[in-house]
Amino acid sequence: MTLDFKHRSYFSEQLLAWYRRGNRDLPWRRSRDPYHIWVSEVMLQQTRVETVIPYYHRFLERFPTIEALADAPEDDVLKLWEGLGYYSRARNLQAAVREVKERYGSVVPDTPEDISTLKGVGPYTSGAILSIAYNKPVPAVDGNVMRVLSRFFLIEDDIMKPATRKVMEKLACELIPEGAAGDFNQALMEFGALVCTPRSPHCMTCPVMEHCAARLEGMEQELPVKKKAKPPRPERRLAALIEGTGEQEGKVLIRQRPQEGLLARMWELPHGLAGDSAGQEDEALAIGELHEAMRRDGLSITQVQPYMSAEHTFSHIHWDMQVYRCRLAAGGDLPDLLPYHYRWVGLAELEQYALPNVFVRIFRKYFKDMPAS
DNA sequence: AAATCGGGGGT
DNA sequence: ACCCCAGATTT
């Protein structure tokens with residue numbers, strides 16, 4: 001299965017040389033600060049390089065040091081993470097940074113044992129920080145690396161299995177050239193991102209094509225083997241865009257989600273799950289469902305009018321959301337029952353709240369339609 | 001082992 | 001429409 005020792009050193013040397021011959025000028029490659037490397041690696045989890053770059057700059061401008069992030073309000077951190085997704089990354093990062101400040105004197109640990117205890121630092125991120133920031137000879141196996149190794153060494157194990165990642169880590173560890181862990185690990189990832197791409201890999205310009213086992217077998221398109229993910233389950237959601245009157249004229253009602261779970265601690269329009277099929281085409285029925293959904297959260301609404309629809313796909317859920325403009329019923333106070341907590345906000349105040357993108361889109365249209373406020 | 005946890009870009 | 005992305009954590 002695994003190629004002999006000669007091919008391994010060939011692979012490592014060629015890839016390292018390819019990387020050192022020229023690589024992308026990425027912002028985090030301009031820093032030697034382990035904290036900066038750390039921030040970049042957390043942002044890069046399941047997220048493309050081009051997406052991360054503006055977030056990386058904004059985040060480090062606001063939190064340039066471990067102390068700055070440790071001492072910041074959680075809401076500020078979440079706001080800077082807005083739109084990046086997987087928001088527990090932000091909370092875990094801040095918790096971990098606080099741990100480093102208190103326990104390690106604001107010095108990022110340089111051993112696998114210590115760094116792996118930090119929240120949000122798993123096998124990949126641990127290896128990435130240790131190798132890139134400290135040049136420690138440990139593997140950093142992400143999706144790129146598994147794809148590259150599965151092809152060059154013709155490994156047909158399902159990369160979705162945790163056991164396969166262990167095999168890859170062992171191999172990747174043995175491939176690290178003496179004293180060049182940081183560059184080599186980045187070379188593997190850079191190579192996966194630019195040459196050995198998921199579909200239609202660029203074999204004609206590949207520096208190791210000559211001895212690529214998958215290529216020699218005509219298997220490069222079939223690797224890596226990866227079991228298909230389940231499609232996201234559909235959910236119909238009914239949202240209330242509640243417009244303030246009197247003292248709250250020009251404002252709308254938003255609420256903060258619970259501490260745990262989906263979109264934890266993000267702000268949103270009040271909304272609820274609708275029944276499967278009923279009300280799909282019947283507007284009156286849908287409005288009835290909205291009233292019921294809002295009543296469950298302690299909100300009594302009136303003057304309901306259809307406004308827009310919006311879709312949002314998570315990894316495991318697909319929201320088909322219908323938004324209705326409405327008012328709070330006379331005498332209707334804001335509910336103070338958990339888990340939500342409500343607030344009236346105008347356009348200017350809204351800028352301070354971290355909102356999932358689907359609601360950002362809704363509000364962008366709403367305040368464009370209603371310039372009067 | 002399977003589910004949870006975002007969002008966007010490429011094909 | 002589907003796939004994947006510099007994954008981690010919980011069940």
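Quantities reported herein were computed from a predicted structural model and do not represent experimental measurements. So that the names make sense, note that chain A is the first sequence line, chain B the second, and so on, each numbered from 1.
Using a 4.0 Å heavy-atom distance criterion, A:Ser40 is classed as making no nucleic acid contact. Note on A:Leu26: a base of the nucleic acid sits closer than 4.0 angstrom, heavy atoms only. Backbone-only contact: A:Pro356 has heavy atoms under 4.0 Å from sugar-phosphate atoms and none from a base. Backbone-only engagement by A:Leu263 is indicated by non-hydrogen atom pairs under 4.0 Å involving sugar-phosphate atoms exclusively. Among the protein residues, A:Val49 comes within range of the nucleic acid bases, having at least one heavy atom under 4.0 Å from a base atom. Counting any heavy atom pair closer than 4.0 Å across all strands shown, A:Arg24 reaches a base atom. Here A:Gly83 lies in heavy-atom contact (under 4.0 Å) with sugar-phosphate atoms only. At the heavy-atom level, A:Thr51 lies nowhere under 4.0 Å from the strands shown. Counting any heavy atom pair closer than 4.0 Å across all strands shown, A:Ser88 reaches no nucleic acid atom.
For the pair A:Tyr86 OH and B:dT4 C1', the computed distance is 9 Å after rounding to whole Å. Here the C1' atom of nucleotide B:dT11 and the CD atom of A:Gln221 are 13 Å apart, to the nearest Å. Summarising the geometry, the separation between NZ on A:Lys230 and C1' on B:dA1 is reported as 12 Å, rounded to the nearest angstrom. Atom pair A:His318:NE2 and B:dG8:C1' shows a separation of 15 Å (rounding to whole Å applied). Here the C1' atom of nucleotide B:dA3 and the CZ atom of A:Phe314 are 16 Å apart, to the nearest Å. The CD atom of A:Gln46 sits 17 Å away from the P atom of B:dA3 (whole-angstrom rounding). Atom CZ in A:Arg265 sits about 15 Å away from atom C1' in B:dG6, given to the nearest Å. Rounded to an integer number of Å, the gap from CG of A:Asn92 to P of B:dC5 is 14 Å.
Closest to the side chain of A:Arg233, from the set B:dG7, B:dC5, B:dT4, is B:dT4. Minimum atom distance to the side chain of A:Arg199 is reached by B:dG10, of the listed B:dG10, B:dG8, B:dT4.
Between A:Ser116 and A:Leu44, the residue whose closest nucleotide on DNA chain C is further toward the 5' end is A:Leu44. Taking the nucleotide of DNA chain C with the nearest heavy atom to each of A:Pro224 and A:Arg89, the more 5' of the two is matched to A:Pro224. Along DNA chain B, the nucleotide nearest A:Ala163 and the nucleotide nearest A:Gly261 are compared for position; the residue whose nucleotide lies closer to the 5' end is A:Ala163.
With a cutoff of under 4.0 Å to any heavy atom of chain A, the contacted region of DNA chain C is bounded 5' to 3' by C:dC3 to C:dT9.
Using a cut-off of 4.0 Å between Lys/Arg side-chain N and Asp/Glu carboxylate O, A:Arg29 and A:Glu190 are scored as salt-bridged. The pair A:Arg91-A:Glu260 counts as a salt bridge, with a side-chain nitrogen and a carboxylate oxygen less than 4.0 angstrom apart. With respect to A:Asp75 and A:Arg265, no salt bridge is recorded, no charged nitrogen being found less than 4.0 Å from a carboxylate O. Electrostatic pairing of A:Glu82 and A:Lys79 counts as a salt bridge here, judged by a charged N lying under 4.0 Å from a carboxylate O. Salt-bridge formation is not detected for the pair A:Glu220/A:Arg151: no Lys NZ or Arg NE/NH1/NH2 atom is positioned less than 4.0 Å from an Asp or Glu carboxylate oxygen.
The separation of B:dG8 from C:dA8, taken at their P atoms, amounts to 22 Å, rounded to a whole angstrom. Atom name C1', nucleotides B:dG6 and C:dC3: the rounded distance is 16 Å, in whole Å.
In A:Arg24, the CZ atom is crowded: over 12 heavy atoms of neighbouring residues, nucleotides or ligands sit closer than 6.0 Å.
One donor-acceptor pair, N or O on each side, does fall under 3.5 Å between the base of B:dG6 and the side chain of A:Thr47.
Between the side chains of A:Arg89 and A:Thr47, a donor-acceptor pair is found at a separation under 3.5 Å.
For A:His316, no side-chain nitrogen or oxygen approaches OP1 or OP2 of B:dA3 to under 4.0 Å. Put simply, A:Lys161 has no side-chain N or O that comes within less than 4.0 Å of OP1 or OP2 on B:dA2. OP1 or OP2 of B:dG7 sits under 4.0 Å from a side-chain N or O of A:Tyr87.
A donor-acceptor distance shorter than 3.5 angstrom exists from the side chain of A:Arg98 to the backbone of A:Ala70, with no hydrogens or angles considered.
Partner assigned to B:dG6 is none, using Watson-Crick or G-U wobble distances below 3.5 angstrom.
Between A:Tyr366 and the choices A:Arg361, A:Glu243, A:Arg325, the side chain to side chain donor-acceptor pair (under 3.5 Å) rule is met once, by A:Glu243.
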